[in-house]
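Okay, so here's the structure we're looking at.
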Amino acid sequence: YEKIMDIKAFKENYKEYLTKFNHKFTDRVRFEDVDSFQIVHNLRYLFWLEKARTEYLRAIGLELTPDIFLKKFPIVVAHVDLDYFSSARFDNIYNVHTRISFIKNSSFQFENIITLENGELLLRATNTSVNTDLRTGKSVPIFDEVRNKIIEFEGDNIQVLFPI
């Protein structure tokens, strides 16, 4: 019940909440994105979120080399939570708003809101990612350079949940 009320309150106030987001990725719904009902298939939103997260990292100043996710920022998705509000259709223009809402020693949370060009709310998502030593599979601290870029980009809109 509490989650339902939270969703209702979010839906009523999401435009105000969007002011916390410093990054927006815009694209157009392609034919390959829609299903037999002529709406975007729910799985496709995950691909859009991935694109937006990558563009966010580019926007904060990370050099996206072919090995960035193997050496400098080896992040693994630990949890994804999605709430769908409406559906997009072929050729709609959509915006994926992206921010990092909190950062810890080795993990952080992406938040996304997807809207249509006209502002209609489509989806809200959170993604908790963990910086990982790919050899051991264990979490490791986020490099200072990456952490500092995230904190600088987000400004007052991020919770820093570890001592700096």
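Applying the side-chain hydrogen bond (donor to acceptor under 3.5 Å, both in side chains) test to T115 and every residue at least two apart in sequence or in another chain returns H97. Applying the ring pair (Phe, Tyr, Trp, His ring centres under 6.0 Å) test to Y84 and every residue at least two apart in sequence or in another chain returns Y45. Residues satisfying the side-chain contact (heavy atoms from CB on, under 4.5 Å) criterion with I93, sequence neighbours excluded, are T26, R28, E117. Not a single side-chain contact (heavy atoms from CB on, under 4.5 Å) links S36 to another residue, sequence neighbours left out. Take T65 and apply the side-chain contact (heavy atoms from CB on, under 4.5 Å) test, not counting sequence neighbours, and it matches E63, D67, I68. Considering only residues two or more places apart in sequence or on other chains, R99 meets the side-chain hydrogen bond (donor to acceptor under 3.5 Å, both in side chains) condition with Y17, E111. N127 pairs by the side-chain hydrogen bond (donor to acceptor under 3.5 Å, both in side chains) definition with S129, not counting sequence neighbours. In this structure E145 satisfies the side-chain contact (heavy atoms from CB on, under 4.5 Å) test together with K72, K149, sequence neighbours excluded.
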What do the steps show when you test T132 against V140 for side-chain contact (heavy atoms from CB on, under 4.5 Å), and what is the final call?
CA-CA 5 Å; T132 304; V140 293; 5.7 Å; no

Would you sort out whether K11 and K8 count as a side-chain contact (heavy atoms from CB on, under 4.5 Å), showing the intermediate values?
CA-CA 5 Å; K11 189 173 182 179; K8 182 178 179 186; 5.9 Å; no

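Under the 4.5 Å side-chain criterion, counting only non-hydrogen atoms from C-beta, V146 is not in contact with N148. Between P74 and D133 there is no side-chain heavy-atom pair separated by less than 4.5 Å. At least one side-chain heavy atom of L82 sits less than 4.5 Å from a side-chain heavy atom of L46. E50 is listed as a side-chain neighbour of T54, based on a closest heavy-atom distance under 4.5 Å.
Annotation: the span from F85 atom CZ to L122 atom CG amounts to 10.0 Å, rounded to 0.5 Å. Here OG1 of T98 is found 13.0 Å from CH2 of W48. Values are rounded to the nearest 0.5 Å. Taking NE2 of H23 as the reference point, atom CD1 of I60 lies at 10.0 Å (rounded to 0.5 Å). A distance of 5.5 Å separates CD1 in I75 from CZ in F110, rounded to the nearest 0.5 Å. Note that CG of L116 is 11.0 Å distant from OH of Y94, once rounded to the nearest 0.5 Å. Taking CG from L62 and CG from L57, the interatomic distance works out to 5.5 Å, rounded to the nearest 0.5 Å.
V96 and V80 fall within a single hydrophobic cluster, where Ile, Leu, Val, Met, Phe, Trp and Tyr side chains are chained together by heavy-atom contacts under 4.5 Å. The cluster map of Ile, Leu, Val, Met, Phe, Trp and Tyr, joined by side-chain heavy atoms under 4.5 Å apart, puts L43 and V29 in the same cluster. Linking ILVMFWY side-chain heavy atoms closer than 4.5 Å, directly or via other members, places L64 and L70 in two distinct hydrophobic clusters. Residues V77 and I114 share a single hydrophobic cluster, defined by chaining ILVMFWY side chains whose heavy atoms lie under 4.5 Å apart. Residues I142 and V76 fall into different hydrophobic clusters, defined by Ile, Leu, Val, Met, Phe, Trp and Tyr side chains chained together at heavy-atom separations under 4.5 Å.
Closest approach of F162 and I103 over heavy atoms only: CD2-O, 3.5 Å. The shortest non-hydrogen separation linking V130 to S139 is CG1-CB, 3.5 Å.
Within 6.0 Å of CD on E12 lie more than 12 heavy atoms contributed by other residues, nucleotides or ligands. In K51, the NZ atom is crowded: over 12 heavy atoms of neighbouring residues, nucleotides or ligands sit closer than 6.0 Å. For CD of E120, the number of neighbouring non-hydrogen atoms (other residues, nucleotides, ligands) closer than 6.0 Å is greater than 12.
Under the salt bridge (Lys or Arg N to Asp or Glu O under 4.0 Å) criterion, the residue pairs touching residues 35-48 are E32-R44, D33-R44, with sequence neighbours excluded.
Summarising the hydrophobic clusters (Ile, Leu, Val, Met, Phe, Trp, Tyr; side-chain heavy atoms under 4.5 Å, direct or chained), the residues clustered with L161 are F102. Taking Ile, Leu, Val, Met, Phe, Trp and Tyr as members and joining any whose side-chain heavy atoms lie under 4.5 Å apart, directly or through other members, the hydrophobic cluster of I39 also contains F37.
Side-chain atoms of N112 do not come within 3.5 Å of backbone N or O of L49 as any donor-acceptor pair. Side-chain atoms of S107 never come within 3.5 Å of backbone atoms of K104 as a donor-acceptor pair (strictly under, hydrogens ignored). A donor-acceptor contact shorter than 3.5 Å links the side chain of N13 to the backbone of A9. Judged purely by atom type and a 3.5 angstrom limit, R124 has no side-chain atom pairing as donor or acceptor with the backbone of I113.
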Under 3.5 Å donor-acceptor pairs involving side-chain atoms of residues 153-160, not counting sequence neighbours:
residue	atom	partner	partner atom	Å
E154	OE2	Y56	OH	2.6
E154	OE2	I100	N	3.0
N157	ND2	K20	O	3.4

